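See structure below.
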Amino acid sequence: MPSIDILERDGAAFDKASDAVDEVNVIKGQLWNESSRFDATKDKTKFRQYEDACDRVKTFYKEQHEKQTFQFNVAMRASFRKQKRARMSVWAAMDLLNTLVDDSDPDTSLSQIEHLLQTAEAIRRDGKPEWMQVVGLVHDLGKLLFMFGSDGQWDVVGDTFIVGCKFPDSIIYPETFANNPDTRDEVYSTENGVYAPGCGLDNGKRLHSPSENALTFWRLVMISWGHDEYLYQICKEQSTLPEEGLAMIRFHSFYPWHREGAYRHFMEEKDYKALDAVRAFNPYDLYSKSDEPVDPVKLRPYYERLIANYFPSEVDW
């Protein structure tokens, strides 16, 4: 399996776009789990208002919504299985991601590693299980895609959605799908598209051969490609995280589903358990960003011990 070079890219611009996407969800969002004690007194008005970020975020989503097609997602999954981007430990991956920093962001002066640690520490303070602390620690490591040669920011960050069926109006800025060719496809533009009602969001089927008939082949619902799906595929194959943890990683940007209520017609019974897990996780991701700074050096031994319980010493990225 060939490896690829790690690219030097504009980390500040990437981090700025990523933070702007998060900002919209912070302002628009609600508390998914009322029992998350750490954010009960959080002053969410400290974040910039939605209107101030609207134009920049809308431009980002216009590009994402025009380019995230069914065929693009087929190609990305095939590419994922053909290439080894890097081999390194989880902590080394965190250090690499830490180069993506935007010093101009007024909401936070945090590095990427500090955000991951703050998320994990908030989960830890609430007495959640160790596996969930690990999820908080690694949940954004899929953003390494930007350094591994993504087409841009649009195929790494941003709210996710299902491709291969009609784009629901509950997706942020639904009008920006107008130039996506899938909106004019006789199958992809229908309510069910290439999927069957009740097929489940993750029914466990794997890719076999791209020569198979698409309507039979794609029973595994495809979430738009980005850092969530990329990291989910890695963790599914190389970690011992429980199903709830994998759901938190795969679906934490899937706002049309876990916040807006879309795609219920595809769900099966176990997906409701995943929905509960994602809703429990998201406040830690969104609202831990403004917590007090953490000390990566001091916390590293504790989290490296936890990492070793769920990941091998080195991971194929």
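Model, not experiment: these values are computed from the prediction. Each residue takes its place number in the sequence, starting with 1.
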Looking only at non-hydrogen atoms, find the nearest pair between Phe281 and Met132 and report the distance.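 Smallest heavy-atom distance, with atoms named: CA-CE, 4.1 Å.
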Problem - Considering all heavy atoms, the nearest Cys235-Ser239 contact - result: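 Closest pair (atom of Cys235, atom of Ser239, distance): O-OG, 2.7 Å.
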Is [X] salt-bridged to [Y], cutoff N-O under 4.0 Å?
{"X": "Lys270", "Y": "Glu244", "result": "no"}
{"X": "Lys58", "Y": "Glu175", "result": "yes"}
{"X": "Arg279", "Y": "Asp276", "result": "no"}
{"X": "Glu268", "Y": "Lys273", "result": "no"}

Whether [X] side chain and [Y] backbone form a donor-acceptor pair below 3.5 Å:
{"X": "Tyr230", "Y": "Trp317", "answer": "yes"}
{"X": "Asp228", "Y": "Phe251", "answer": "no"}
{"X": "Glu66", "Y": "Phe177", "answer": "no"}
{"X": "Asp155", "Y": "Gly152", "answer": "yes"}
{"X": "Asp182", "Y": "Gly164", "answer": "no"}
{"X": "Asn73", "Y": "Trp225", "answer": "yes"}
{"X": "Arg85", "Y": "Phe80", "answer": "yes"}
{"X": "Arg124", "Y": "Ala122", "answer": "no"}

- Audit row: His252, Asn282, side chain to side chain donor-acceptor pair (under 3.5 Å) steps and yes/no: CA-CA 6 Å; His252 73 272; Asn282 262 69; over 6 Å; no
Exercise for the section: Apply side-chain contact (heavy atoms from CB on, under 4.5 Å) to Asp285 and His115, showing your working. Expected result: CA-CA 8 Å; Asp285 180 22; His115 168 58; 3.3 Å; yes
- Query: For residues Tyr284 and Gln133, is any side-chain donor paired with an opposing acceptor at under 3.5 Å?
  - Reply: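 On atom types as modelled, these side chains do not qualify, holding no pair under 3.5 Å.
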Looking at Phe254 versus Tyr263, is the centre-to-centre ring distance below 6.0 Å?
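Close enough - the centres of the two rings lie under 6.0 Å apart.
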Point to revise | More than 12 heavy atoms from other groups under 6.0 Å of CG on Asn192 | key: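 Result for CG/Asn192: enclosed.
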